[in-house]
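Structure, as structure tokens:
The chains referred to below are lettered A, B, ... by the order of the sequence lines, with proteins before strands, and numbering in each begins at 1.
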Amino acid sequence: MVKKRILLAISLLVIALIFFYYPTEKRKIKKTIRELESWLERKEDLNLIGIAIKSKKARDFFKNECDINFKDKWQRTFSIEEIEKGYYQIMTRFSYLKVMFKDLDIQINENGTAYVQSAILIESKGASVEELTSVNEVILTMEKIEKKWKIKELKIEEILEK
Amino acid sequence: MKVEFNLKKLIFPSLNLFSFIRIASVILITIFIFTQILIPVRLKGKSMEPTLKDGSFHFILRNKFTKIKRGDIVAIKVVSHNILILKRLIALEGEIVEFRNGKLFINGEYYNEPYITVDCDWNYPPKKVSEGKVFVVGDNRAVPIEMHDFGEVQKIRIMGKLIW
């Protein structure tokens with residue numbers, strides 16, 4: 001009886017380890033999104049050099065060219081250098097910024113593209129602006145490049161149209 | 001007939017098939033109520049202040065069980081019902097909405113909003129609410145108009161109205 005229980009516990013442990021070391025593609029995407037959240041976070045103690053260093057990590061999340069569509073009002077293809085520069089400019093505008101991706105809905109197509117639909121919660125505090133919270137819908141199109149999922153297209157959907 | 005009061009038995013009743021069925025029924029009914037009828041929400045943000053405070057807890061009654069009208073606080077879904085936006089519905093489809101010095105006008109007529117207790121200087125040109133949409137806005141009009149999230153929203157995104 002005791003042996004059976006030990007065997008059962010070992011089997012469960014092995015399954016958990018396999019699950020942990022060989023995650024599914026969906027779990028890999030979720031992990032990338034969590035890393036993206038922490039990249040987009042601006043803590044109050046982060047200085048300009050820290051922001052400049054962090055901006056270089058854009059290459060971990062974005063393809064060399066990325067399409068950004070903002071509520072169908074404007075759309076442009078940004079190079080990775082432009083994303084790094086934009087990241088620096090945005091981060092210096094806030095004293096605190098936190099972006100959270102909630103309700104992730106991930107669909108992987110046969111052609112190797114993944115569509116991620118999510119709600120993004122943005123908490124921010126600017127130098128001259130009061131604390132703000134906003135919610136938007138975002139659709140990411142991701143592609144797997146050198147074993148890493150990277151954003152190819154980013155679309156922010158309009159929920160409330162002024 | 002003698003009835004004995006046994007506190008221990010009342011708190012820890014003996015488990016038999018009937019008690020398991022009772023527990024299962026309570027769980028199922030609770031799940032049904034809190035997924036199909038009511039949606040419990042915790043508010044984050046200040047756009048509905050002073051009516052609803054940041055961090056307060058509320059219940060949304062799904063629109064299958066209620067009729068939504070002007071003045072109701074509605075819950076707007078983003079992707080699913082896990083993240084909702086709470087705003088006040090002020091205009092229906094086809095109506096013309098406008099703000100003049102903070103005062104709301106619907107189809108050119110002044111509309112009294114007793115829930116607004118702060119000074120407001122908003123100016124918003126007349127806009128006809130598109131088909132299939134309604135117009136929503138937060139109660140915190142102390143925020144400058146440029147920084148306040150409001151406007152037209154698709155009716156299909158509305159999950160229900162705030163009842164508590």
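- For the atom pair CG (Asp103(A)) and CG (Asn82(B)), the distance works out to 4.0 Å, reported to the nearest 0.5 Å.
- In this structure, CE in Met147(B) is found 10.5 Å from OG in Ser134(A), a value given to the nearest 0.5 Å.
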* **Worked verdict on Glu157(A) versus Val78(B) for side chain to side chain contact (heavy atoms under 4.5 Å, CB included)** => CA-CA 10 Å; Glu157(A) 289 276 342; Val78(B) 181; over 6 Å; no
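- Other residues, nucleotides and ligands contribute only 12 or fewer heavy atoms inside 6.0 Å of the NZ atom of Lys43(A).
- Summarising the local packing, CG of Leu7(A) is surrounded by more than 12 heavy atoms from other residues, nucleotides or ligands at distances under 6.0 Å.
- Between the CD atom in Gln117(A) and the OG atom in Ser80(B) there is a gap of 9.5 Å [rounded to 0.5 Å].
- The shortest side-chain heavy-atom distance between Lys44(B) and Val135(A) does not fall under the 4.5 Å cut-off.
- Taking every heavy atom of both residues into account, Ala119(A) and Val79(B) meet most closely at N-CG2, 3.5 Å.
- Shown here is Lys144(A), whose NZ atom has more than 12 heavy atoms of other residues, nucleotides or ligands within 6.0 Å.
- Ion pair Lys162(A)/Glu152(B) not flagged as a salt bridge, since none of the NZ, NE, NH1 or NH2 atoms sits closer than 4.0 Å to an Asp/Glu carboxylate oxygen.
- Under a cut-off of 6.0 angstrom, the local environment of NZ in Lys56(A) is sparse, with at most 12 non-hydrogen atoms contributed by other residues, nucleotides or ligands.
- For Phe57(B), the CZ atom sits in a packed shell: over 12 heavy atoms of surrounding residues, nucleotides or ligands are nearer than 6.0 Å.
- Side-chain contact between Gln154(B) and Glu161(A) is absent, with no heavy atoms from C-beta onward closer than 4.5 Å.
- Taking chain A as the reference chain and counting heavy-atom pairs below 4.5 Å, the highest number among Lys87(B), Lys127(B), Lys77(B) is found for Lys127(B).
- Between atom CD1 of residue Ile159(A) and atom CD1 of residue Ile85(B) there is a gap of 4.5 Å, rounded to the nearest 0.5 Å.
- Residue Asp119(B) qualifies as open at atom CG: its count of foreign heavy atoms under 6.0 Å is 12 or below.
- A salt bridge links Glu137(A) to Arg157(B): one of the charged nitrogens lies within less than 4.0 Å of a carboxylate oxygen.
- Interface remark: of the candidates Ile83(B), Ile145(B), Val136(B), Ile83(B) forms the most heavy-atom pairs closer than 4.5 Å to chain A.
- For Lys64(B), the NZ atom sits in a packed shell: over 12 heavy atoms of surrounding residues, nucleotides or ligands are nearer than 6.0 Å.
- Under a cut-off of 6.0 angstrom, the local environment of NZ in Lys103(B) is sparse, with at most 12 non-hydrogen atoms contributed by other residues, nucleotides or ligands.
- Of the atoms belonging to Leu104(A), not a single heavy atom falls under 4.5 Å from chain B.
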